[in-house]
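We count ligands from 1, going down the list as the structure has it; atoms in each ligand are counted the same way. Remember, predicted model here, so these are calculated numbers, not experimental data. Keep in mind that the numbers below use all heavy atoms, side chains included, and drop hydrogens, waters and symmetry copies.
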Amino acid sequence: MGHFSKILIANRGEIALRIQRACRELDIKTVAVHSTIDEEAKYVKLADESVCIGPSPSKDSYLNIPAIIAAAEVTNSEAIHPGYGFLSENSDFAEQVLKSGFTFIGPSPSVIKTMGNKIEAKKEMEKLGIPCIPGYTDKIPSDQKAIKKIASDIGYPIIIKAAGGGGGRGMKITRSEDELIENLQLTKTESYAAFGDASVYLEKFLESPRHIEIQLLSDNFGNVIHLGERDCSIQRKHQKLIEETPALGITEEEREKIGALCTEACKKINYQGAGTMEFLYYDKNFYFIEMNTRIQVEHPITESVTGVDLVQEQIKIAANVPLELKQKDIKFNGHAIECRINAEDSNTFMPSPGKILVWHTPGGPGVRVDSHVYANYVVPAYYDSMIGKIIVYGKNRKQALEKMRVALSEMIIEGISTNLNLHRELISDPAFKKGKVHINFLNEKLNL
Ligand code: ADP
């Protein structure tokens with residue numbers, strides 16, 4: 001059993017602040033690392049120490065492994081929390097952190113590596129008895145006839161996916177044999193350019209499933225629990241926009257069944273830390289799509305309904321503390337919804353960086369705003385456009401929806417364009433209110 005005295009946070013923005021808060025409550029000192037443009041950021045000033053790790057472009061700073069390791073060395077940090085995005089799912093980073101004598105707050109490099117390759121992950125999950133989308137994960141033959149046979153055996157429409165894909169990129173829907181060979185080639189070329197890996201696999205394309213994921217916590221002593229599901233079906237370009245828990249219509253039996261399958265799988269792969277298994281849910285069936293080996297953007301909604309601080313649990317697990325929580329301790333109370341606020345043009349969805357002139361956040365019972373920005377903060381053009389999250393908690397879905405409606409009406413952001421209006425529209429949309437959501441819901445609404 002251990003306790004860290006100092007943690008380096010290898011991230012920026014709202015999650016850097018979120019991790020810092022968790023550390024402070026646990027009485028752990030924090031080190032913020034930052035690029036030159038983030039020098040004045042509030043979370044950098046709030047940290048106990050800060051180290052500049054390079055110029056603004058991510059590749060020179062937040063993705064600069066030697067600079068981050070050096071920062072951990074000069075500050076005598078004991079552990080590194082990678083947050084989400086950036087190096088959080090980079091097995092080389094995790095390995096170098098360990099080799100340099102620090103604790104990586106997350107699973108082992110080998111687990112990160114397996115789950116980071118979607119083909120490997122899918123094969124592993126199939127072996128562990130997790131339901132997967134029918135498809136083809138073996139090496140794609142070079143003979144066109146053979147490829148066509150594989151695709152028609154799966155049955156159109158199919159989706160061609162990159163083994164190294166992520167962030168909604170590296171996927172091509174293919175509706176007929178005419179476009180198969182061309183799309184396959186395109187996905188391979190694009191995947192190689194984007195992820196340095198040309199391997200792809202084929203999967204049945206499900207037309208209107210929901211995206212439902214299971215939150216897991218697994219310690220170093222074989223104790224694993226699940227913290228229920230999140231419905232993340234409201235997406236644009238495969239990027240989540242609104243998440244909620246519990247997922248409408250999922251029964252307690254379904255939750256327990258899929259939760260038990262996931263916890264068993266975690267045990268078998270010796271998973272360590274917080275993780276999420278993502279599924280598409282269709283016709284009452286769960287189909288695994290991927291596992292994220294890190295904390296997720298939407299983790300606060302799970303915290304709201306379970307009362308568990310997931311970031312603190314991650315830290316304690318990494319410090320070799322056995323999970324105090326047992327599955328029976330996890331009770332799901334009420335309903336939580338999160339809206340991701342992006343700095344983007346409301347029509348074109350293009351990023352809209354710049355100076356925030358007015359920033360008024362909502363409040364009241366059950367309203368949480370996770371954000372690092374403030375009035376006069378300049379949103380840099382270099383990074384992700386998400387500037388904050390509004391999370392509401394109500395005793396049921398109806399109350400949560402009402403709270404979100406009011407919270408969104410109170411939120412005022414001036415100086416830059418944001419997607420606030422889109423959220424206001426969605427939260428009052430009759431079909432959304434009825435819970436008739438699926439992954440193409442937003443596309444259909446926007447007539448895309
Ligand atoms: P990423 O790592 O890029 O987020 P995922 O495999 O998690 O990729 O898929 C992201 C999204 O793409 C899913 O939430 C879903 O909207 C869509 N998607 C992926 N696979 C399929 C499929 N077989 N059928 C339909 N949609 C899919």
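Here R230 pairs with E213 in a salt bridge; the nearest charged N to carboxylate O distance falls below 4.0 Å. With salt bridges taken as basic N to acidic carboxylate O contacts below 4.0 Å, none links K433 and E402.
Near ligand 1, residues K118, I133, I159, K161, G166, G167, G168, R169, M171, E203, K204, F205, L206, H211, Q235, H238, E278, L280, I289, E290, I439 each place a heavy atom inside the 4.0 Å sphere around the ligand atoms.
Side-chain polar atoms of H81 and Q314 form a donor-acceptor pair below 3.5 angstrom.
For R236 and F349, the positive end sits near the middle of the six-membered ring, less than 6.0 Å away and at most 45° from its axis. Both tests hold for R397 against F432: distance to the six-membered ring centre under 6.0 Å, angle to the ring axis within 45°.
Partners of Y281 according to the ring-ring contact (aromatic ring centres under 6.0 Å, His included) rule, which considers only residues two or more places apart in sequence or in another chain, are F286.
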